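Quick caveat: nothing in here was measured; it's all calculated off a predicted structure. Numbers restart at 1 for each chain; the letters A, B, ... are given by sequence-line order, proteins then strands.
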2 protein chains.
Amino acid sequence: MADTALATHRSRLLETRCQTCSLSSLCLPLALELDDIDRFDAIVRRRAPLKKGEALVRQHAPFSNVFAVRSGSLKQVSSESGGDDQLTNFYLPSELVGLDGIDEERYPGNIIALETTTVCEIPFDRLDALSERIPGLRTQLFRSMSKEIRDDRQMLRLLSRKTADERLASFLSSLSARFRRRGYSAYSFRLSMSRADIGNYLGLAVETVSRILGRFQEQQLVAVSGREVNILDLEALEALSEGEVHG
Amino acid sequence: MADTALATHRSRLLETRCQTCSLSSLCLPLALELDDIDRFDAIVRRRAPLKKGEALVRQHAPFSNVFAVRSGSLKQVSSESGGDDQLTNFYLPSELVGLDGIDEERYPGNIIALETTTVCEIPFDRLDALSERIPGLRTQLFRSMSKEIRDDRQMLRLLSRKTADERLASFLSSLSARFRRRGYSAYSFRLSMSRADIGNYLGLAVETVSRILGRFQEQQLVAVSGREVNILDLEALEALSEGEVHG
DNA sequence: CGAGTTATTGACAATGCTCAAAGTACGTGG
DNA sequence: CCACGTACTTTGAGCATTGTCAATAACTCG
């Protein structure tokens, strides 16, 4: 009995250690030595899964942790006075959440689970301290932030120059690439976000999202059924997303 | 003779040291002890001024330095295949340029001087190493990057939700605030960027920028003459930029 | 199974873009 | 210092893309 409990306990610990985590090659400790991974592991806190719709952090709450997504997905929504929300990001497994709160020491948006989602909680002050002793960790942190800036700049381009069709095509091919990178199918996946979320993120009305998805289907680019997506012609989508005309 | 040369040399050194720099309260070493400022100072390289239109860095060039603007201003322009450029940022004195190149080890855009501009060049590997020994410097670096992410998210909101009028109003009041923070007039300044640059940045056609600036003038919000701007009603501009209707 | 949310579809309107042309500022060289 | 060429800015007219409003259809989950 005690043996079984212990075994269960140990296996639970094991499955929640960075070294055995399937995301280790994508996540923050990706470049670390074994010893360093252990040190990093020691400051990480595992959390109970979030249910769909639950908030991981609330806008304006004091900043103290960053989070790495283990499974599921989240959205970040910033509300301004006037009730118009802006969805600024979707987060998938291995991605780091909360880095935009460092500066003002508050989280700049609500982070909401789109489905059942588990995250690792990483106290930022300890991460910062550890990054002093582990240069590789510091590098990785700088890289994550730098990448986030670059991604946002891509998004600026999307919002300022792309047509509605190009935006949807970008969105789908980018999701496809992100899933592929994580070992999932690049051609067949389920959207965890609503059409309204997609529209909000892409700067389009829900109706436009719906219409264009319909059109893509007619054009045999994708097969969409509710939130289930099958990509039929990834190349064409990618071309479209870069503004190349299609026949 | 030798004395004079030495004196000149020393004074030139003095005027280009962080401790005597008028931007020290806004720039990277803002929170450091005197000793640490000296250590930071030692890795900073001063550069000959850039002339208007000159490139500080070219897109895709290998990343090695970040830069702090000392005087003047710059724009960042990313070109994608297909010749459509996206202007992603304007940089004013004390701001840090190049942080978005860390991740890919290439600069993601051309950085072009909008007028005669001087910058401090900071080798990133040395900055990184120094940030190991000076926690306050590391904190400041994280903050700068975090702020850049937050600013970009604000920009996403602007591009995805704001009307052309709101965008221009945001642009002007944001510039006003940035000048004020740097000790310049918040009400009277000269735009170093062209209407085309503004339009590109805000996701608008040049013609729209011109028309709306004209309308703002009719409405007595600003007085614009070429690139010279006088803000007549900052409150109204700020209200407008948040989408509040105006009479 | 039914209430509420989410998605689709249609008709119409508006904001901002494109194209075109003229006017103005700028800077370079004579 | 002025003249000229170039680049930048303004203004007008028509139009396209996408948003808004409205109604219906399809899920989702107690």
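Among residue pairs with one or both ends in residues 186-204 of chain A, those qualifying as salt bridge (charged side-chain N to carboxylate O under 4.0 Å, His left out) are K75(A)-D197(A), R190(A)-E228(A); sequence neighbours excluded.
Residues S225(A) and T163(A) both approach DNA chain D. Their nearest nucleotides, taken by heavy-atom distance, put T163(A) toward the 5′ side.
We find that CD of E228(B) is positioned 13 Å from P of dT9(D), with the value rounded to whole Å. Residue L168(A) contributes atom CG, which lies 11 Å from atom P of dT8(C) at whole-angstrom precision. Computed from coordinates, the E218(A) CD to dT8(C) C1' distance equals 13 Å when rounded to whole Å. To the nearest angstrom, C1' of dT8(C) lies 14 Å from CD1 of I198(A). Following rounding to the nearest Å, I212(A) (CD1) and dT17(D) (P) show an atom-to-atom distance of 11 Å. Atom C1' of nucleotide dT17(D) and atom CZ of R161(A) are separated by 16 Å, given to the nearest angstrom. Rounding to whole angstrom units, CG of residue D84(A) and P of dG19(D) are separated by 14 Å. Rounded to a whole Å, the CZ atom of F216(A) is 17 Å from the C1' atom of dT8(C).
The side chain of K52(B) lies closest to dG27(C), out of dT18(C), dG27(C), dT6(C).
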Please tabulate the protein-to-nucleotide N/O contacts below 3.5 Å involving nucleotides 10-12 of chain D, giving atom names and distances.
from	atom 1	to	atom 2	distance (Å)
dT10(D)	OP1	R195(B)	NH2	3.2
dT10(D)	OP2	R195(B)	NE	2.9
dT10(D)	OP2	S210(B)	OG	2.5
dT10(D)	O5'	S210(B)	OG	2.9
dG12(D)	N7	R211(B)	NH1	2.8
dG12(D)	O6	R211(B)	NH2	3.4

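The shortest distance between the side-chain N/O atoms of R227(A) and the OP1/OP2 oxygens of dT6(C) is not below 4.0 Å.
One distance of note links CD1 of I198(B) with OG1 of T208(B); it measures 12.5 Å at 0.5 Å rounding.
Note on ring orientation: taking the six-membered ring where Trp is involved, the planes of F67(B) and Y107(B) are tilted (angle from 30° to 60°).
Using a 4.0 Å heavy-atom cutoff across all strands shown, G203(B) reaches sugar-phosphate atoms only and no base atom.
Among all heavy-atom pairs drawn from Q220(A) and D233(A), the shortest one is O-CB, 4.2 Å.
Rounded to 10°, the angle separating the first-five-pair axis and the last-five-pair axis of the helix from dC1(C)-dG30(D) to dG30(C)-dC1(D) equals 60°.
Residues S78(A) and Q86(A) bring no donor and acceptor atom of their side chains to less than 3.5 Å of each other.
Checked for salt-bridge contact, E166(A) and R157(A) miss the test: no charged N lies under 4.0 Å from a carboxylate O.
When R70(B), R181(B), K147(B), R182(B) are each tested for a salt bridge (Lys or Arg N to Asp or Glu O under 4.0 Å) with E95(B), only one passes: R182(B).
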I would like to know whether L156(A) and R161(A) meet side chain to side chain contact (heavy atoms under 4.5 Å, CB included); could you show each step before the answer? CA-CA 8 Å; L156(A) 294 181; R161(A) 311 218 90 76; over 6 Å; no

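The six-membered or imidazole ring of F189(B) lies away from that of Y184(B), with a centre-to-centre distance of 6.0 Å or more.
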